[in-house]
Protein chains: 2
Amino acid sequence: MKTLLQPLLRKLETTFALSNDELAALHALPIKVGEFAKGEQLVGEGDRPIHSFAIQSGLTCMYKNSSTGRRQILIFHFPGDFPDLQSLHINVLDMSIAAMARTKVTFVKHQDIRMMYARYPRLGEALWRMSLVDAAILRERMLNLGQRKAFERISHFFCEMVVRSKLAELMVDDTVPMPLTQQEIGDALGLSNVHVNRITQELKEKKLMEVRRGRLHVLNWKQLRAAADFDATYLHLTPAQKLLLDR
Amino acid sequence: MKTLLQPLLRKLETTFALSNDELAALHALPIKVGEFAKGEQLVGEGDRPIHSFAIQSGLTCMYKNSSTGRRQILIFHFPGDFPDLQSLHINVLDMSIAAMARTKVTFVKHQDIRMMYARYPRLGEALWRMSLVDAAILRERMLNLGQRKAFERISHFFCEMVVRSKLAELMVDDTVPMPLTQQEIGDALGLSNVHVNRITQELKEKKLMEVRRGRLHVLNWKQLRAAADFDATYLHLTPAQKLLLDR
DNA sequence: CGATCACTTGAATAGTCTCAAAGCCCGTGG
DNA sequence: CCACGGGCTTTGAGACTATTCAAGTGATCG
């Protein structure tokens with residue numbers, strides 16, 4: 001039971017130390033577990049959810065469709081993230097969330113979250129802060145989308161995936177999980193799958209990184225970052241997390 | 001004094017009725033007035049502000065620069081908006097905000113905002129909600145940026161400007177203020193000024209809209225919306241506001 | 001009235017997309 | 001263990017969208 005919110009608790013504790021009471025309140029939250037296969041939708045545009053959910057394992061994406069059937073993936077969420085916080089305060093969803101790999105989540109009723117932070121306001125602020133960091137990620141991705149050429153754009157995307165995977169403790173030997181198809185990466189970057197393919201090959205030729213058997217292998221982190229114009233400020237890491245990254 | 005927060009109060013009251021106590025708390029906020037000329041920066045990347053500010057009149061933009069000196073405008077803010085709420089909970093700014101026209105703002109110390117919503121939690125939720133709606137706007141703009149061709153992209157942009165201007169009570173006779181240069185519109189849409197120019201002419205030829213003497217004239221709202229694939233859901237309007245739009 | 005800034009126009013070029021076909025990988029069932 | 005099938009990746013060619021550069025026009029302001 002206790003372990004179900006583990007990734008979320010770890011994430012919360014990186015920004016501030018939780019008191020025993022606050023920890024107890026979090027553990028006391030009634031939760032429900034859900035498991036989703038790759039491609040399954042968790043919530044959709046137009047829904048009025050009464051739950052939010054934290055990711056326990058796996059990967060989800062938030063996306064929107066244009067009326068012409070094109071899909072823009074807005075942001076990915078890792079274990080410890082709380083993708084759908086906005087539905088706490090906005091009734092109708094304007095986007096959808098789907099699993100990009102086998103994913104386990106823990107559902108928490110809005111009502112229970114509200115009661116929790118009415119009692120412990122700092123927890124409310126922590127959640128608010130999480131939603132603000134998500135917005136910061138959206139902003140950086142918007143800069144990426146609007147101003148960078150495909151090569152830097154894709155490099156930047158992979159940099160973000162590497163860093164956020166590392167923060168979620170998913171990095172092993174300079175590799176992180178990469179369950180996405182090139183089509184999906186294209187949907188996230190506003191590029192065609194064909195173009196993603198070509199640039200990805202270029203990254204491999206230049207020995208910056210490569211994708212093999214569902215994992216992204218970082219071959220030259222320094223150069224990859226440089227190629228991407230990647231500066232992690234927008235992720236709003238703690239000093240400890242920043243240190244972790246350089247290793 | 002009372003009138004300085006007027007546009008903000010009006011906006012807050014559209015989402016829920018404020019009690020007398022809450023209103024009093026808002027009016028009791030110590031504020032400081034600021035005025036900025038077009039082009040002036042209000043806050044910048046790397047700053048650690050101790051204030052946030054509400055817009056009283058004018059127009060601001062939030063933007064980020066890439067290391068190659070290109071600028072992406074992320075979102076514009078109108079009277080009643082609270083552009084820099086994120087600095088309440090995230091110390092270091094990852095973006096900048098500048099005035100896009102002569103703009104008056106009212107500064108409020110973070111400390112005072114925190115004290116206010118500690119006492120009146122609903123006001124905190126209202127602010128939280130405002131930051132979530134901003135995130136929703138970012139998401140729609142991201143769909144625009146990533147998936148739509150220049151023609152729809154620009155149409156969509158103008159639709160958003162028209163609707164949000166109308167909500168801020170700036171619409172007069174099917175026109176809204178348009179202080180932006182084509183270069184600035186390009187920075188917001190990831191397009192060159194030249195291309196913006198060409199498409200804008202096309203919109204004019206097709207009699208959908210035109211820009212004259214600092215104002216955007218809507219010539220055919222229905223067709224403009226259709227061309228833009230514009231659906232205002234993402235703005236999370238109240239029923240009353242939706243009604244307003246159709247007139 | 002001159003200077004400045006924004007808008008307009010044209011031509012050449014660069015970047016990315018679409019379409020279509022072929023190759024590869026992996027899981028499945030025989 | 002092998003053959004098969006489906007989905008993903010790879011490759012090539014041609015078309016299209018948007019960019020850049022550069023020059024010219026128009027409007028506004030002191």
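So you know, we letter chains A, B, ... as the sequences are listed, proteins then strands, and number each from 1.
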Practice problem: Choose from C:dT16, D:dT19, D:dT11 the nucleotide whose nearest atom is closest to any side-chain atom of A:H195. | Solution: C:dT16
Quiz item: At under 4.0 Å between heavy atoms, what does A:S192 touch on the DNA or RNA strands: base, sugar-phosphate, or nothing?
Solution: base
Quiz item: So what does B:R70 hit on the nucleic acid, given a heavy-atom distance under 4.0 Å: a base, only sugar-phosphate, or nothing?
Solution: sugar-phosphate
Quiz item: What class does the angle between the rings of B:H156 and B:Y234 fall in, given that below 30° is parallel, 30 to 60° is tilted and above 60° is perpendicular?
Solution: parallel
Self-check item: Euclidean distance, atom CZ of residue A:R212 to atom P of C:dC25 [Å, nearest integer]
Solution: 13 Å
Self-check item: Residue A:T181, side-chain atoms from C-beta onward, closest of D:dT11, D:dC8, C:dT8
Solution: D:dC8
Quiz item: Across the strands shown, which category fits B:G190 at heavy-atom distances under 4.0 angstrom: base, sugar-phosphate, nothing?
Solution: sugar-phosphate
Quiz item: Atom CG of A:L180 and atom C1' of D:dG7: how far apart are they, to the nearest Å?
Solution: 15 Å
Quiz item: Nearest of D:dT9, C:dT16, D:dT11 to any side-chain atom of A:R198?
Solution: D:dT11
Quiz item: Can you tell me if the side-chain N/O atoms of B:N197 get under 4.0 Å from OP1 or OP2 in C:dC7?
Solution: no
Quiz item: 5'-most contact on DNA chain D: A:Q201 or B:F151, nearest heavy atom basis?
Solution: A:Q201
Practice problem: Answer yes or no: does a side-chain N or O of A:Q183 lie under 4.0 Å from OP1 or OP2 of D:dT9? | Solution: no
Quiz item: CD of A:E202 versus C1' of C:dT16: gap in Å, rounded?
Solution: 13 Å
Quiz item: If you count the non-hydrogen atoms of other residues, nucleotides and ligands that lie under 6.0 Å from NZ in A:K38, is the total more than 12?
Solution: yes
Practice problem: Figure out the CZ/P separation between A:R148 and C:dG15, and round it to whole Å. | Solution: 17 Å
Quiz item: Would you call A:E45-A:K64 a salt bridge at under 4.0 Å N-O?
Solution: no
Quiz item: To the side chain of B:V194, which of C:dC7, D:dT10, D:dA22 is closest?
Solution: D:dA22
